[in-house]
Structures are given as C-alpha cells and as structure tokens.
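Residue numbers start at 1 and run along the sequence shown. Hydrogens, waters and symmetry mates are skipped; everything else that's a heavy atom, side chains included, is used. These figures come from a predicted structure and were not determined experimentally. Whatever order the structure lists ligands and atoms in, that order sets their numbers, starting from 1.
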Amino acid sequence: MLLVTTIAAVRARREELARLGRRLAFVPTMGALHEGHLSLVRLAGEHADEVWASVFVNPAQFGAGEDLDRYPRDLERDRELLAGAGAVLLFAPGVKEIYPQPPATVVDTPGLAAGLCGAHRPGHFGGVALVVAKLFNIVQPHVAVFGAKDAQQAAVIRRMAADLNFPVEIVVAPTAREADGLAMSSRNTYLSAEERRAATVLHRALQSARAAALSGERRGPALEGLLAATVGGEPLARLQYAAAVDPTTLRPVPAVKGRVLLALAVHLGGTRLIDNLLVEGLE
Ligand code: AMP
C-alpha cells in the first residue's frame with residue numbers, strides 16, 4: 001500500500017486512476033483504527049475498483065479542552081490494518097498540508113449541527129464539514145463511506161455533499177460493535193476496566209428504548225425518558241443527552257411515524273461516548 005503525505009502526490013495518483021477509468025472509493029478517518037473502520041474499508045471495496053483511506057486528526061473539529069493532544073495515534077499500525085482490509089493508498093497529511101493558513105472559508109450546516117452532539121460541541125460539525133469538503137476536493141472519490149456510529153456526522157456530510165454538488169455517492173455503513181454491544185470507538189481505549197464494563201449501558205439503553213418503540217411507544221419524549229432512565233441506573237455514567245429524532249432532519253419527534261433515530265452521549269469518567277440506533281417499521 002502506498003503511503004502519501006502530500007496533496008500533490010494524491011492528485012498525481014488520482015489522474016493516473018482517471019486515465020485507467022477506475023472507480024475510486026474513499027474512507028476518511030482519524031486513525032487509531034479498529035474493526036469498525038476496517039468494515040468501512042471492506043464495504044468501500046464492494047463499491048469501487050480501488051479503495052483509498054486517509055488518517056488525519058483534524059484540529060478544526062476539536063474544541064478547547066477536548067482530546068486533540070491525547071487522541072491516540074499509531075500510523076504504522078493503521079497502515080498495516082488498512083493494507084490488510086484492502087486499501088491501496090493511505091493519505092496521511094500533516095496539519096500544515098491541510099491548513100497552510102487559517103481557513104477564511106466556512107462550510108457549515110447550522111440546522112443539522114445545532115442539536116445532539118452539536119449542542120455540546122460548538123464548531124465541531126463545521127470543522128468536520130470543512131475537512132471532508134477539502135478531502136473530497138483533493139481525493140475526488142466516486143464513493144465515500146462513513147459510519148452510522150456517527151449518525152449526525154453522516155447526515156451533515158450527506159447534506160453538505162448534496163448542497164455543494166460534490167459528485168460523490170455517500171454510503172453509510174452499519175455500526176461495528178464489541179461482543180457485549182459496545183460500539184467500537186478509538187476513544188474506548190481511554191476507559192478503565194470498570195468504565196469499560198459500565199460502557200455497555202449505552203447499548204442497553206438503546207435496546208430497551210427500541211423494544212418500547214417496537215411494542216407501541218410512539219411518544220418521542222417518553223423514548224428519551226427511557227434512554228435517560230437506563231443510563232441513570234449506571235452509577236459510573238453521566239448522561240449528556242438522550243434524544244429521539246428524525247434521522248434526516250435530526251429534529252426531535254413528538255410522535256414517531258415510520259422511523260426514529262435514538263441517540264445518546266454519555267460521559268464515563270473523562271471519556272465521552274456516543275451511540276445510536278435507527279428503529280424502522282414503526283407504523
Ligand atoms: P473516526 O476515525 O472516529 O473519525 O471515524 C472514521 C469513520 O469511521 C467515520 O465515518 C466513523 O463514523 C466510522 N466509524 C467509527 N466507529 C465506527 C464503528 N464502530 N462502526 C462503524 N463505523 C465506525
């Protein structure tokens with residue numbers, strides 16, 4: 001697998017690919033890869049002739065006091081894992097390559113970024129949308145794959161790509177989970193053994209709210225109350241938000257019709273974890 005650190009080198013490879021008429025799928029990541037990322041790479045391979053990935057810990061999406069400095073980094077390991085999953089090129093630029101000067105341009109989706117994580121991480125989704133727009137322009141993929149684990153991020157990127165006419169198909173891959181249901185995340189490595197055990201509360205809360213929805217509970221606030229109650233039963237967990245929203249608009253749904261996205265953010269010690277579940281077929 002080719003490791004590339006400059007935009008110029010990506011563009012040169014991209015031109016070659018265009019000459020060969022090959023279809024390109026792209027998986028952007030922040031590294032510290034786990035099986036969830038690799039499932040995206042494998043799915044990407046089903047949509048294209050070639051898969052490229054990126055590893056870039058994007059400063060623009062971290063707020064003051066967040067974990068930018070301690071975010072786990074291990075490029076050599078990431079490189080091996082990506083090659084094993086079938087990626088043929090890894091773009092791993094430095095910060096100066098992506099941000100040679102502070103950007104004067106804003107890429108944002110205020111309506112989609114206002115609630116859920118956006119309410120607690122001001123500027124986060126603007127930073128995500130900006131770097132993904134830049135990566136799309138650099139890599140020019142036909143297909144880009146994102147994880148359902150970050151449902152708000154996927155909604156923001158889908159809309160950004162549609163609004164700005166990026167010629168890219170956005171594919172959203174299912175959330176990869178540990179055997180006990182915990183959604184895989186690079187941030188799980190921050191958890192102590194006790195916190196790791198307690199972390200299953202996110203999945204348990206989502207499952208029990210889903211069961212309630214499937215057995216007839218259609219009131220959004222009641223579903224949110226159920227999520228919060230389950231999290232409240234875990235002494236190590238501190239709820240940041242529990243939400244029942246429309247999966248496209250991300251607006252709260254007073255009365256569920258058809259489908260609902262259940263979403264949670266929870267602190268365990270100093271670690272913030274998110275998870276969500278899309279419940280469909282609710283007539
Ligand atoms: P990150 O490195 O956390 O920025 O994630 C890179 C991509 O991997 C994003 O599209 C995430 O949504 C996706 N991802 C992260 N964790 C998972 C998971 N457990 N299952 C599926 N996709 C994931």
Side-chain angles (χ1 to χ4, degrees), residues 25-47 51-63 66-68 70-75 77-79 81-82 85 87 90-93 98 112 116-118 121 124-125 127-136 139 141 143-161 168-191 196 199-200 202-203 206 247 250 261 263-266 271-278:
F26 176 50
V27 181
T29 80
M30 297 205 301
L33 300 181
H34 50 66
E35 181 51 36
H37 298 110
L38 303 181
S39 71
L40 266 50
V41 172
R42 288 191 289 266
L43 182 63
E46 295 174 22
H47 288 263
V51 180
W52 296 6
S54 63
V55 168
F56 180 63
V57 183
N58 174 34
Q61 70 188 71
F62 287 79
E66 292 189 350
D67 56 346
L68 175 62
R70 71 166 180 144
Y71 197 82
R73 292 162 167 89
D74 190 343
L75 192 61
R77 178 175 171 275
D78 290 345
R79 184 182 179 165
L81 290 171
L82 286 168
L90 167 58
F91 179 41
I98 298 297
L112 289 171
L116 306 176
C117 293
R121 303 186 70 188
H124 170 70
F125 288 109
V128 170
L130 176 67
V131 82
V132 172
K134 286 163 77 72
L135 288 169
F136 281 178
V139 173
V143 185
V145 184
F146 295 87
K149 154 90 177 0
D150 299 280
Q152 187 170 19
Q153 171 172 282
V156 163
I157 288 164
R158 244 189 220 297
R159 190 58 196 265
M160 185 268 295
V168 60
E169 180 193 341
I170 306 296
V171 170
V172 177
T175 300
R177 297 181 179 281
E178 304 288 355
D180 62 5
L182 177 66
M184 291 183 184
S185 166
S186 307
R187 292 188 167 102
N188 291 349
T189 57
Y190 298 154
L191 301 170
R196 171 63 188 81
T200 58
L202 283 90
H203 185 242
L206 292 166
L250 306 181
L261 180 72
L264 276 177
V266 171
T271 305
R272 180 179 177 277
L273 299 181
I274 59 169
D275 199 356
N276 68 82
L277 209 56
L278 179 63

Q.
Using a 3.5 Å distance criterion without hydrogens, assess whether the side chain of Q152 forms a donor-acceptor pair with backbone atoms of L112.
A. yes

Here the atoms of ligand 1 under 4.0 Å from any heavy atom belonging to F146 are 10 (O)

Near M184 (heavy-atom distance under 4.0 Å), the atoms of ligand 1 are 16 (N), 17 (C), 18 (C), 19 (N)

_Contact check, A154 vs ligand 1, heavy-atom distance below 4.0 Å_ = no

- Task: For the residue pair L116 and N276, establish whether any side-chain heavy-atom pair is separated by less than 4.5 Å.
- Result: no

L40 and F146 have their tightest heavy-atom pair at CD2-C, 3.9 Å

Please confirm whether E35 approaches ligand 1 to less than 4.0 Å, judged on its heavy atoms. no

Could you check whether any side-chain N or O of D275 sits under 3.5 Å from a backbone N or O of L264, counting only pairs where one atom can act as donor and the other as acceptor? no

Candidates P28, G31, G147; heavy atom nearest atom 6 (C) of ligand 1 found on P28

| Tell me, do H37 and L81 make a side-chain contact under 4.5 Å, heavy atoms counted? | no

*asked:* Under 4.0 Å, counting heavy atoms only: does R177 come that close to any atom of ligand 1?
replied: no

Worksheet entry | Check: L38 and E35 side chains under 4.5 Å, non-hydrogen atoms | yes

Next item on the list: Decide whether an N or O pair under 3.5 Å exists between A148 and ligand 1.
Entry: no

Atom 20 (N) of ligand 1 has as its nearest protein heavy atom A176 N, 2.8 Å

**Prompt:** Sub-3.5 Å donor-acceptor pair from the side chain of S186 to the main-chain atoms of A32, do we have one?
**Reply:** yes

Heavy atoms of P141 and F136 approach each other most closely as CD-O, 3.7 Å

The protein heavy atom nearest to atom 9 (C) of ligand 1 is Q153 NE2, 3.7 Å

Numbered in order shown, the ligand 1 atoms found under 4.0 Å of a heavy atom of P174 are 20 (N), 21 (C)

Atom 1 (P) of ligand 1 has as its nearest protein heavy atom H37 NE2, 3.7 Å

Taking only non-hydrogen atoms of L40 and a 4.0 Å limit, the atoms of ligand 1 in range are 7 (C), 8 (O), 10 (O), 13 (C), 21 (C), 22 (N)

Check this for me - ligand 1, D150, N or O atoms closer than 3.5 angstrom, yes or no? yes

Counting heavy atoms under 4.0 Å, the part of M30 that contacts ligand 1 is both

**Q.** Residues, nucleotides or ligands: over 12 heavy atoms within 6.0 Å of R159 CZ
**A.** no

* Could you tell me whether a side-chain N or O of N58 sits under 3.5 Å from a main-chain N or O of M30, the two making a donor and an acceptor? => no

Counting from 1 in the order shown, the ligand 1 atoms closer than 4.0 Å to a non-hydrogen atom of T175 are 19 (N), 20 (N), 21 (C)

